[in-house]
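Have a look at the structure below, then the notes.
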There are 2 protein chains.
Amino acid sequence: MPPYAAPMHNRRADGVREALEQMIVTGELPDGERLDEVSLADRFGCSRTPLREALHALAASGLVQLIPRRGAFVRHPGLEEMVEMFEVMAELEALCGRLAARRVTPALLGALQATVIACEEAVAAGDHDRYYAENERFHLLVYEAAGNGFLAAEAGRLHRRLKPFRRLQLRLRGRMAQSLAEHRTVLSALQDGRPEAAAEALRDHVAVQGGKFNDLMASYRRSSLHAGSETALRA
Amino acid sequence: MPPYAAPMHNRRADGVREALEQMIVTGELPDGERLDEVSLADRFGCSRTPLREALHALAASGLVQLIPRRGAFVRHPGLEEMVEMFEVMAELEALCGRLAARRVTPALLGALQATVIACEEAVAAGDHDRYYAENERFHLLVYEAAGNGFLAAEAGRLHRRLKPFRRLQLRLRGRMAQSLAEHRTVLSALQDGRPEAAAEALRDHVAVQGGKFNDLMASYRRSSLHAGSETALRA
DNA sequence: AACGGATTTCTTGTATACAACATGCTTGAC
DNA sequence: GTCAAGCATGTTGTATACAAGAAATCCGTT
């Protein structure tokens, strides 16, 4: 199996990258914030070289905008862009489901069933964090079940990027139970080998439509990730 | 409109990146080739710093594999991975078509029609290069017509990565005329505002299925991009 | 002669020094 | 007083120097 992502945590630059990524997605670094190389290198106790590497990697992920000879700026997705990303994510998940319904192995089916059970327990206990973790596991298993390594990597990439927003979504009242029901529908379609049913179930599960849009808007506003000024964005 | 890709061609590293990318996709650098930093920097007349930047960017694009403390290696997709990428590409194009059928503007419809006409001329003249160029333009227009900037960026990324293989495909006998007919079907669906028809047409247009798989295999073998040894890949 | 270990050499990862460019301020003219 | 040009400052891009890890070689032992 060819590797689609390089191994991490070996070079110091990777640590800086993760730290910065965390600071960005948590909103500690607001949108538009200028990322000065020397001060950040100072803060992380390293030189500019690994820090620049981290900034370029973040730029490749879309979390940072890199303007030549001007510097790096934090770039949080606006509401519009977030809807766009969810639109693509829904389709990628749908494809995963369609393929997985045909290709899933018994072992993966068992693992999927186990996560659904774990989700049920989390809902019963009202444990948001537990549910969040099991929910993520469920989706990653679906990606893997699709039997397409490239697709799994791409879906995982986008999933990771949408992570913070998804988490906000789950906090909304009743969303957890609804999500669990949708997981059951997906699992059922995979067990019965119904590709289109699995695709539709996953698409609807992820898509931002109807009332979900208002929920997303509300949680986005509350997240205040876009607290920074827009002045830095006029390239 | 938020920018999804940084402007290029400003720093010297970008030039190196493009040159290396060209050398890789043309097969001048075979699969598994080790990319020594000092010798390459020497060859490009620059220091190791911009060259390392280029290598990291190429690693993000998936064209090279970066093993910590070991070096960078050219990584051409194997046949399996190529099929995987086409599977995803087909779905992204289908999504573009579905959305474009609802969102396309008259101006873009006109541009699409113009490229189809240009494609017809190219087919009549037997001009592969011209057809290739217009074909690419057609697809990029579809991406744009979907009205989802993020999707357009992702589709464009994958399209670019599959570029060399698509080109080989078009060289096959009769493929150009068939491709043109499929473009007509897509355009018709977009004009009439039939989302599912457009999606299906584009999916079938891109997907590797039936006889196309054998064609792909044949052209892949002939491309000899995988001429290098596999020894370097055992990480 | 074959194997194991230590050393040596080469390569990558990191730090620092230098250069080019952008920006902001000062100063001078109108 | 306002605007513009030039200078000063600071930041990024690049080059070079240094450190640490990996690989190959050489030597000693069995």
Side-chain angles (χ1 to χ4, degrees), chain A residues 3 5-21 24 29 32-60 63-75 228-235, chain B residues 3 5-21 24 29 32-60 63-75 228-235:
Chain A
M8 316 214 294
H9 265 298
N10 288 340
R11 312 184 313 286
R12 175 185 289 254
D14 290 325
V16 174
R17 190 193 105 88
E18 274 202 17
L20 275 174
E21 183 173 332
I24 291 175
L29 293 173
E33 178 92 345
R34 189 166 173 290
L35 300 175
D36 185 59
E37 295 181 359
V38 291
S39 55
L40 278 177
D42 202 46
R43 181 167 174 180
F44 282 108
C46 68
S47 81
R48 278 178 56 215
T49 310
L51 195 123
R52 276 177 67 87
E53 238 177 70
L55 287 180
H56 282 274
L58 290 172
L63 278 79
V64 164
Q65 185 181 8
L66 219 50
I67 304 177
R69 293 272 180 204
R70 302 280 286 274
F73 301 87
V74 176
R75 210 179 77 71
S229 71
E230 296 265 322
T231 54
L233 287 183
R234 49 169 182 83
Chain B
M8 316 212 299
H9 265 299
N10 287 342
R11 312 185 314 285
R12 175 186 290 254
D14 291 325
V16 174
R17 190 194 105 87
E18 275 203 17
L20 275 174
E21 182 173 333
I24 290 175
L29 293 172
E33 178 92 345
R34 189 166 173 289
L35 300 175
D36 184 58
E37 295 181 0
V38 291
S39 55
L40 279 177
D42 202 46
R43 181 168 175 180
F44 283 106
C46 67
S47 82
R48 278 178 55 213
T49 310
L51 194 122
R52 275 177 68 86
E53 236 177 70
L55 287 180
H56 282 275
L58 290 172
L63 277 79
V64 310
Q65 184 180 7
L66 220 49
I67 304 177
R69 293 274 180 202
R70 301 280 287 273
F73 301 87
V74 176
R75 209 178 78 73
S229 72
E230 296 265 322
T231 55
L233 286 182
R234 50 169 182 83

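Just so we're on the same page: letters track the sequence lines, and every chain starts at 1.
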**From A/R34 atom CZ to A/L40 atom CG, the distance as rounded to the nearest 0.5 Å** = 10.0 Å
**Request:** First locate atom CZ of B/R17, then atom CD of B/E53, and finally report the distance between them rounded to the nearest 0.5 Å.
**Result:** 11.5 Å
**Request:** Compare all side-chain heavy atoms of B/L35 with those of B/L29 and state whether any distance is below 4.5 angstrom.
**Result:** yes
**Item:** Atom-pair distance (NE2 on B/H56; P on C/dG13), nearest Å
**Value:** 6 Å
**Asked** Can you give one letter per nucleotide of nucleotides 16-21 of chain C, going 5' to 3': B for a protein heavy atom under 4.0 Å from the base, S for sugar-phosphate only, - for none?
**Response** BB--BS
**Asked** To the nearest 0.5 Å, what is the distance between CG (A/L20) and CG (A/L55)?
**Response** 6.5 Å
**Asked** Which nucleotide in the set D/dT11, D/dT14, C/dG13 lies at the smallest distance from any side-chain heavy atom of B/R11?
**Response** D/dT14
**Request:** Specify the separation, in whole Å, of atom CG of A/L35 and atom P of D/dT11.
**Result:** 13 Å
**Separation of atom CG in A/D36 from atom C1' in D/dT9, rounded to whole Å** = 14 Å
**Fill in**
dist B/L58:CG -> B/E18:CD (nearest 0.5 Å) comes out at 10.5 Å
**Prompt:** Between atom CG in A/L55 and atom P in D/dT11, what is the gap in whole Å?
**Reply:** 15 Å
**Residue-phosphate contact under 4.0 Å: A/R34 side-chain N/O, D/dT12 OP1/OP2** = yes
**Request:** Kindly compute the distance separating CG (A/L51) from CZ (A/R12), expressed to the nearest 0.5 Å.
**Result:** 11.0 Å
**Request:** Mind calculating the distance between CG (B/L66) and P (C/dT11) to the nearest angstrom?
**Result:** 16 Å
**Fill in**
Rounded to whole Å, CZ of B/F73 lies from P of C/dT12 at a distance of 9 Å
**Prompt:** Given atom CZ of B/R52 and atom C1' of D/dA15, what is their separation to the nearest angstrom?
**Reply:** 14 Å
**Request:** Would you kindly compare B/A72 and A/P50 by the position of their nearest DNA chain C nucleotide and give the one closer to the 5′ end?
**Result:** B/A72
**Complete:** Taken to the nearest whole Å, CD/A/E37 to P/C/dA15 is 14 Å
**Item:** Phosphate OP1/OP2 of D/dG10: any A/R70 side-chain N/O under 4.0 Å
**Value:** no
**Item:** Validation row: A/I24, A/V64 side chains within 4.5 angstrom (heavy atoms)
**Value:** yes
